[in-house]
Novice: 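The structure's right below; bear with me while I get my questions together.
For the numbers below, each heavy atom of this structure counts, side chains included, while hydrogens, waters and symmetry mates do not.
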Amino acid sequence: KEKWNLEAAMDHFYNFCYTEPKENYDKSKIENLFHKYMDKDSGDIMAEGIQNFCGDLGINVLDPVILVIAYHMRAERMGKFSKNEFTSGLANMGVDSISGIKNKIVSFKNDLKSLDRLKPVYQFCFGFAKDPVGRNLNFNLALQLWKVLLSK
């Protein structure tokens, strides 16, 4: 994208890819939030917990902003947030509460409107949505993701 221009590439990285962890959060609040949504059997936040999480945020699970949140959490698999993904993701966002995440939603929605900020989220979604053992993304799932990400 930056045509081998190191300075432009570094600017792009620090403006759109790299986020320094913010220090204005409480780790114990993040832990408590994780446990609120955690599936007791798996130890991760699974589909039901994600639905409850989205409900508390006031968004639909099909709202593309959840993909931006998953991107910031660096989630590896759709339908699941590990403890590390959730806790480090919220810490990197500098939030420790539902209200803190809600305050980020407008910014995240704006990320979906800016081509430069949408592109890394779009690229993230390929690895996030594909079968962990496969190389390719299911065609029907790809169509659904395109509809969600590119609809606005």
Novice: In Å, rounded to the nearest 0.5 Å, how long is the span from CD1 of Ile59 to CD1 of Ile101?
Specialist: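 It comes to 9.0 Å.
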Novice: With sequence neighbours left out, what residues match Ser107 under side-chain hydrogen bond (donor to acceptor under 3.5 Å, both in side chains)?
Specialist: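 With sequence neighbours excluded, Ser107 shows a side-chain hydrogen bond (donor to acceptor under 3.5 Å, both in side chains) to no residue whatsoever.
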Novice: Residues two or more places apart in sequence or in another chain: which of them pass side chain to side chain contact (heavy atoms under 4.5 Å, CB included) with Lys29?
Specialist: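 Testing Lys29 for side chain to side chain contact (heavy atoms under 4.5 Å, CB included), a comparison that skips the adjacent residues, returns Asp26, Asp96.
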Novice: Quick one: list whatever passes salt bridge (Lys or Arg N to Asp or Glu O under 4.0 Å) with Lys83, sequence neighbours left out.
Specialist: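 For Lys83, the residues satisfying salt bridge (Lys or Arg N to Asp or Glu O under 4.0 Å) (neighbours in sequence not counted) are Glu31.
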Novice: Would you name the heavy atoms of Lys102 and Leu57 that are closest together and state the gap between them?
Specialist: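 Distance-wise, the nearest heavy atoms are CE-O, 3.6 Å.
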Novice: Testing the basics here: between Val95 and Ile30, what is the closest heavy-atom pair and its distance to 0.1 Å?
Specialist: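 Answer, listing the atom of Val95 first, then Ile30: O-CD1, 3.4 Å.
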Novice: Table please: side-chain donor-acceptor pairs of residues 49-56 below 3.5 Å, with sequence neighbours left out.
Specialist:
{"unit_1": "Asn52", "atom_1": "ND2", "unit_2": "Glu48", "atom_2": "O", "d": "3.3"}
{"unit_1": "Asp56", "atom_1": "OD2", "unit_2": "Lys36", "atom_2": "NZ", "d": "3.0"}
{"unit_1": "Asp56", "atom_1": "OD2", "unit_2": "Tyr37", "atom_2": "OH", "d": "2.5"}

Novice: What are the two closest non-hydrogen atoms of Leu90 and Met73, and how far apart are they?
Specialist: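 The pair with the smallest heavy-atom distance is CD1-CE, 3.3 Å.
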Novice: Which hydrophobic side chains are connected to Leu62, either touching it within the sub-4.5 Å cutoff or through other members that do?
Specialist: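 Cluster partners of Leu62: Val61.
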Novice: Taking ring-ring contact (aromatic ring centres under 6.0 Å, His included) as the cut-off, I'd like each qualifying pair that reaches into residues 90-114, sequence neighbours left out, listed once.
Specialist: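 Every pair satisfying ring-ring contact (aromatic ring centres under 6.0 Å, His included) with a residue in residues 90-114: His72-Phe108.
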Novice: Say you draw a straight line from CG of Asp111 to CG of Leu67; how long is it, rounded to the nearest 0.5 Å?
Specialist: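 Reported value, rounded in 0.5 Å steps: 12.5 Å.
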Novice: Can you name the nearest heavy-atom pair linking Pro64 to Leu112, along with the distance?
Specialist: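 Looks like CB-CD1, 3.7 Å.
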Novice: Could you work out, with side chain to side chain contact (heavy atoms under 4.5 Å, CB included) as the rule, every residue matching Asn32, not counting sequence neighbours?
Specialist: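 For Asn32 there are no side chain to side chain contact (heavy atoms under 4.5 Å, CB included) partners, ignoring immediate neighbours.
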Novice: Applying side chain to side chain contact (heavy atoms under 4.5 Å, CB included), can you list everything that pairs with Asn110, at least two apart in sequence or on another chain?
Specialist: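 Side chain to side chain contact (heavy atoms under 4.5 Å, CB included) list for Asn110, sorted by chain: Val106, Lys113, Arg117.
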Novice: Indicate the atoms forming the closest heavy-atom contact of Gly43 with Phe34, along with that distance.
Specialist: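 Taking every non-hydrogen atom into account, O-CZ, 3.3 Å.
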Novice: Taking only residues two or more places apart in sequence, or in another chain, which ones meet Ser42 in a side chain to side chain contact (heavy atoms under 4.5 Å, CB included)?
Specialist: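 In terms of side chain to side chain contact (heavy atoms under 4.5 Å, CB included), with neighbours along the sequence ignored, Ser42 is linked to Asp39, Asp44, Met46.
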Novice: So, taking the atom named CE in Met93 and the one named CG in Asn103, what distance separates them when rounded to the nearest 0.5 Å?
Specialist: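 It comes to 12.5 Å.
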